[in-house]
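Residue numbers start from 1 in every chain, and the chains themselves are labelled A, B, ... in the order their sequence lines are given, proteins ahead of strands.
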2 protein chains.
Amino acid sequence: MNFQQLRSIREAVRQKFNLTDVARALHTSQPGVSRQIRELEDELGVDLFVREGKRLTSLTEVGVLVVPIVEKMLNDADNLRRAGQEFTQKTRGRLSIAATHSQARYALPGAVKDFRRRYPHVALNLHQGSPDQVAGMLISGEADIGIATEALSLHDSLVALPCYRWTHSVIVTPGHPLLAWPTLTLERLSEHPIITYNEGFTGRLHIDRAFAKQGITPDLVLTAMDADVIKTYVELGLGVGIVASIAFDEARDQNLRAIDAGHLFAVNLTKLGIRRGSFLRGYVYDFIETFASPLKRELVERAVASAPGECVELDC
Amino acid sequence: MNFQQLRSIREAVRQKFNLTDVARALHTSQPGVSRQIRELEDELGVDLFVREGKRLTSLTEVGVLVVPIVEKMLNDADNLRRAGQEFTQKTRGRLSIAATHSQARYALPGAVKDFRRRYPHVALNLHQGSPDQVAGMLISGEADIGIATEALSLHDSLVALPCYRWTHSVIVTPGHPLLAWPTLTLERLSEHPIITYNEGFTGRLHIDRAFAKQGITPDLVLTAMDADVIKTYVELGLGVGIVASIAFDEARDQNLRAIDAGHLFAVNLTKLGIRRGSFLRGYVYDFIETFASPLKRELVERAVASAPGECVELDC
DNA sequence: TATCCTTACGGAATTCGTAAGCATG
DNA sequence: CATGCTTACGAATTCCGTAAGGATA
């Protein structure tokens, strides 16, 4: 058993069982990959992959059992390297953050700026994607921490720690009739075409639920992945926007008006996700605490060491 | 990074930093071991071992951090092999049980007999040792499961599952004055020389505590590791014995009499220990359930997957 | 001086990539 | 017939054990 074999196995799953792609990803030859996989299968005495003719098509029953262990081992290998670096170069390294647009654009800048000043020699890597992609990057090890409101709690191999709560606001053009009412209601809102987030993004679920509960079918004329796009179309007069309150900046968005909608839609909880069992560099703990001050190092350490289903104070 | 390096690291710790012994244990040459360790240290960029002159003496700060990860990886490698075997030879393999004398002698025989009949091709390996040794064998991976009343809950890398509760009995020769009293008390017991377990064995702690609580200093004329030795000396008239009730067999011990002492000493809880994160063969789950029927597979699986400190139903 | 680690060196084994072969959609 | 996996083979590398060297209790 060796690590090249394990890497081949892991990459074969990631590359959907195309060994040619695996070879490319691992910077080696295709026959080599073929051999690595075959060798480990021989050593274990079982096929890990289902072969149809010569092609690999899926994991066998054992494969399903084995692959998570393989991934754990390879992650531990990374942890080992990180543990070494933590001592050779305490203030140098890499911090890879995966976040949704909303987080990257509105929640993270402050913490990132502080972090840059404090750790000028740590290369910051900010990846943006859908909540699912954020989770995927954590699982694959591409990202060290992930920040999103959705999806992070759904995977057993991740821990999700609560960062902050937020609500939505309705965004309209100046002089819009909705501004005239003393209080905003769902009925009044539903009289206008609505522009908001795509499904699965930034609390969209809570928006749908609120309307459904009142038996209202809102007129969703446009949905987008991020608040900037939404605001653009609101400015163009296509409808009223529903965005995260944090996305409205009075100074910057002078040709728009915001109406608080915290009473209309359920409160959202943004979470910070980490792969279980990760060894985190010291500066990662610092970043996390800067971003969400209740998440002290000791708490995060316990969360990372916890098992799926287990509750670590703020967690769940 | 390769597994031989990891094995060298692990073994170096186990062999108290004597690389000559490490080489012997790993069936390789001493310069080889030296090189493996040096290579991994080079790759990580940090020394893992403190060197005084040329000798290794202890772990560095990083070493302390790294060694647990190394052990986890090597254990996962074993898990991988076991997962393979589970499919190639479901009813063949090895089951290594570590237990204290009391357990091996009185509690296990029934389960072992059933298991042998059910899995004739699984090689059973029964190791005997002190509670500490049982824990040590679990931690090192020499034993798959451990059974003891003490010590198992003390290590973070182990889970301890409760098996059964038991109390002590007082063992005397026929016609002994203690048999004349309607009820046994600590005072009456303490008027006789006492023979019982060594410290740290089979509920000895509860015996000491009970006497201490009443301000009595018992006359411990002899202590031994197991009930058979104790019974032998009771027969010889050296004193009265205090042993686990389970260790007295009316049919076999015809020249001895037992007096229940469940009301004098606290109840003991025998536990089954497993290394966290182990992949267990199917027959291991069967054995466990045969031994302690409440420990169903699903429960044990959750316990093994749990993190230190977490409570899994019957656990704690 | 015995123990224990390191360095040096040469042979053995392993590893890996290229080229050719073969199955499948 | 293009894609994708396997087999075959030779070169390069790595690995490992022996032998010699040096430090320490």
Measure [atom1]/[X] against [atom2]/[N] and give the value in whole Å, please.
{"X": "Asp47(A)", "N": "dC5(D)", "atom1": "CG", "atom2": "P", "result": "15 Å"}
{"X": "Gln5(B)", "N": "dT14(D)", "atom1": "CD", "atom2": "C1'", "result": "12 Å"}
{"X": "Arg38(A)", "N": "dC16(C)", "atom1": "CZ", "atom2": "C1'", "result": "18 Å"}
{"X": "Lys54(A)", "N": "dG4(D)", "atom1": "NZ", "atom2": "C1'", "result": "9 Å"}
{"X": "Arg24(B)", "N": "dC4(C)", "atom1": "CZ", "atom2": "C1'", "result": "11 Å"}
{"X": "Leu56(B)", "N": "dT3(C)", "atom1": "CG", "atom2": "P", "result": "18 Å"}
{"X": "His27(B)", "N": "dC16(D)", "atom1": "NE2", "atom2": "P", "result": "15 Å"}
{"X": "Ile37(A)", "N": "dT7(D)", "atom1": "CD1", "atom2": "P", "result": "13 Å"}

Quiz item: With under 30° as parallel and over 60° as perpendicular, where do the rings of Phe287(B) and Phe115(B) fit, or are they tilted in between?
Solution: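 The arrangement is perpendicular - the two ring planes meet at more than 60°.
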Quiz item: Is any side-chain N or O of Thr28(A) closer than 4.0 Å to OP1 or OP2 of dG17(C)?
Solution: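 Answer yes for this pair, as a side-chain N or O of Thr28(A) is under 4.0 Å from OP1 or OP2.
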Practice problem: Tell me whether the OP1 or OP2 atom of dG4(D) has a side-chain N or O from Asn18(A) closer than 4.0 Å. | Solution: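 Checking Asn18(A) against dG4(D): at least one side-chain N or O falls below 4.0 Å of OP1 or OP2.
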Quiz item: Nearest heavy-atom pair of Phe17(B) and Leu56(B): which atoms, and what distance?
Solution: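 Of all heavy-atom pairs spanning Phe17(B) and Leu56(B), the closest is CB-O, 3.5 Å.
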Using a 4.0 Å heavy-atom cut-off, does [X] contact any base of the nucleic acid, only the sugar-phosphate backbone, or nothing at all?
{"X": "Gln4(B)", "answer": "nothing"}
{"X": "Gly53(B)", "answer": "sugar-phosphate"}
{"X": "Thr20(B)", "answer": "sugar-phosphate"}
{"X": "Glu52(A)", "answer": "nothing"}
{"X": "Phe17(A)", "answer": "sugar-phosphate"}

Quiz item: Toward the 5' end of DNA chain C, which comes first, Gly32(A) or Leu19(B), by nearest nucleotide?
Solution: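 Of the two residues, Leu19(B) wins.
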Self-check item: Rounded distance (nearest 0.5 Å) linking atom CG of Leu48(A) with atom OG1 of Thr60(A)
Solution: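 One gets 5.5 Å once the value is rounded to the nearest 0.5 Å.
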Quiz item: Rounded to the nearest 0.5 Å, how far does CD of Glu142(B) lie from CD of Gln133(B)?
Solution: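 Here the rounded value is 10.0 Å.
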Exercise. Step by step, work out the side chain to side chain contact (heavy atoms under 4.5 Å, CB included) result for Phe201(B) and His101(B).
Key: CA-CA 9 Å; Phe201(B) 282 77; His101(B) 173 89; over 6 Å; no
Tabulate atom names and distances for all N/O pairs under 3.5 angstrom spanning the protein and nucleotides 13-15 of chain C.
none

Exercise. For the side chain of Arg55(A), starting at C-beta, report the closest nucleotide among dC4(C), dT7(D), dA23(C).
Key: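 Output: dA23(C).
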Quiz item: Which listed nucleotide (dG17(D), dC5(C), dT7(C)) is nearest to the side chain of Ser29(B)?
Solution: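 From the listed options, dG17(D) comes nearest.
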Exercise. Indicate yes or no for a side-chain donor-acceptor contact from Asn18(A) to the backbone of Asp21(A) under 3.5 Å, with no hydrogens or angles considered.
Key: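 Indeed, once roles are kept as given, a pair shorter than 3.5 Å links the two residues.
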Exercise. Please step through side chain to side chain contact (heavy atoms under 4.5 Å, CB included) for the pair Glu41(A) and Val46(A), ending with a clear verdict.
Key: CA-CA 5 Å; Glu41(A) 289 183 322; Val46(A) 225; over 6 Å; no
Quiz prompt | Worked check of salt bridge (charged side-chain N to carboxylate O under 4.0 Å, His left out) between Arg81(A) and Glu43(B) | solution = CA-CA 8 Å; Arg81(A) 293 192 192 92; Glu43(B) 183 177 340; 3.7 Å; yes
